[in-house]
J.: 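Before anything else, here's the structure in question.
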Amino acid sequence: MTDWKSRISPSVNAIAPSGIRKFFDIAAEMEDVISLGVGEPDFVTPWSIRESCVYGLEQGYTAYTANRGLLTLRQEIAALQKRLYDTTYDPAREILVTVGVSEALDLAMRAILAPGDEILIPEPCYVSYQACATLAGGIPVSVPTRLENEFRITPAELEAHLTTKTKALLIGYPNNPTGAVMGRKELSAIAEFAEKYDLIVISDEIYGDLTYGDEAHVCFSSLPKMRERTILLNGFSKAYAMTGWRIGYACGNPVIISAMTKIHQYTMLCAPVTAQIAAIEALRHGEKYMKKMVAEYDRRRLFIYDGFSNLGLACFEPKGAFYIFPDISSTGFTCEEFAEKLLTSEHVALVPGNAFGKCGENHVRCSYATSIDKIAEALARIENFLKNHKK
Ligand code: PLP
């Protein structure tokens, strides 16, 4: 019999399927499940954004766009960067519209990593980072972060993993799965580190708009000397509740953006025109709707943080994204046992922390992109679970 597995590319064989999906598949077969597992907004895309797409279709916008995306959209993205972070990008040469941040991540890795190049990736992190680096032929180097430091990364931790092959660093703050953010001072230290070792920095800021509390989000490329060496990634999925539209973008120096565009041109050709039209509307008139959703996430954030604190599970107050990452080691269960037993006995779905890297092992990721009522019910069920399951 043919060994088909041996016919698959070694880099594909080297990556594991996402650890998130397994639990969704089990949950999908059960009734009365409350899911804190999914990393996507529970809101529908605001009407004016949907309407703009419908209107675009009525007008006959059904064709390919420029590879880099509609110029109007790139101009709106440039205006946004200027307005929010006082960073200037040339819409003609320094912005590429992609099929979600997912595509932008893949393009960034493929554009810069040669076989054997290493890329530093602080963990716990979004499940695609390691896989994209491996598929691009690079070597992802995990750099663990710690609960005691609220999962922020430090230059010393990065330096400990630096080799002569280190070419790049990938940071993602606000962070999925921990909800951690990094302030200006901490990011400036990372910027100095990048400058010192001449690293390219991929900065995934998809949750940038979802930052709570007094400190505003700091865009990495807006830090001194970082514009040139940063590939800034952002998109519409989370802030504008547009996960299904598949639209994101990359900003960076023209050499890197042209390299990414070359790959994009031969693989995607362009992002969907319908989603691009909707994204223009989101940037022109969607901010007020986005801010409303963010205010609601903020309310849920404080509620769930209170809830877990009262249950005695150690966690820090998340300041960004829509996740909380409690430490469940006091229960005596591994994160996988905890998630599985909680699902089967109390019908609450969440994601074991090790799906996001080894150092997430003692944690579970809970998304609060769901209603307060459901969060309250999930917390009550978790309380019940903790009472009945002593190891
Ligand atoms: N980056 C992070 C940190 C994410 O959490 C996600 C989705 O969960 C993505 C990127 C992918 O986003 P998109 O829908 O734009 O492809």
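Atoms within each ligand, like the ligands themselves, are counted from 1 in listed order. In this chain, numbering begins with 1 at the start of the sequence shown.
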J.: Exactly one of Y126, Y323, Y173 should register a ring-ring contact (aromatic ring centres under 6.0 Å, His included) with Y207. Which one does?
T.: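 Only match with Y207 under ring-ring contact (aromatic ring centres under 6.0 Å, His included): Y323.
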J.: Which heavy atom of V218 sits nearest a heavy atom of G183, and at what distance?
T.: CG2-C, 4.4 Å
J.: Please report, to 0.1 Å, the donor-acceptor pairs under 3.5 Å made by any side chain of residues 345-360, with sequence neighbours excluded.
T.:
residue	atom	partner	partner atom	Å
S345	OG	K341	O	2.7
E346	OE2	N384	ND2	3.0
H347	ND1	E31	O	2.9

J.: Between V181 and N175, is any pair of side-chain heavy atoms under 4.5 Å apart?
T.: no
J.: Can you see whether Y55 has R50 sitting over its ring - NZ or CZ less than 6.0 Å from the centre and within 45° of the normal?
T.: no
J.: Go ahead and list the nitrogen or oxygen contacts between ligand 1 and the protein that come in under 3.5 Å, distances to 0.1 Å, or just say none.
T.:
residue	atom	partner	partner atom	Å
ligand 1	1 (N)	D204	OD2	2.6
ligand 1	5 (O)	N176	ND2	2.8
ligand 1	5 (O)	Y207	OH	2.8
ligand 1	8 (O)	K238	NZ	2.6
ligand 1	14 (O)	S237	OG	2.6
ligand 1	14 (O)	R246	NH1	2.8
ligand 1	15 (O)	V101	N	2.7
ligand 1	15 (O)	S237	OG	3.4
ligand 1	16 (O)	V101	N	3.3
ligand 1	16 (O)	S102	N	3.0
ligand 1	16 (O)	S102	OG	2.5
ligand 1	16 (O)	R246	NH2	2.7

J.: Distance check, rounded to the nearest 0.5 Å: Y289 atom OH versus F43 atom CZ?
T.: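 Answer rounded to 0.5 Å: 14.5 Å.
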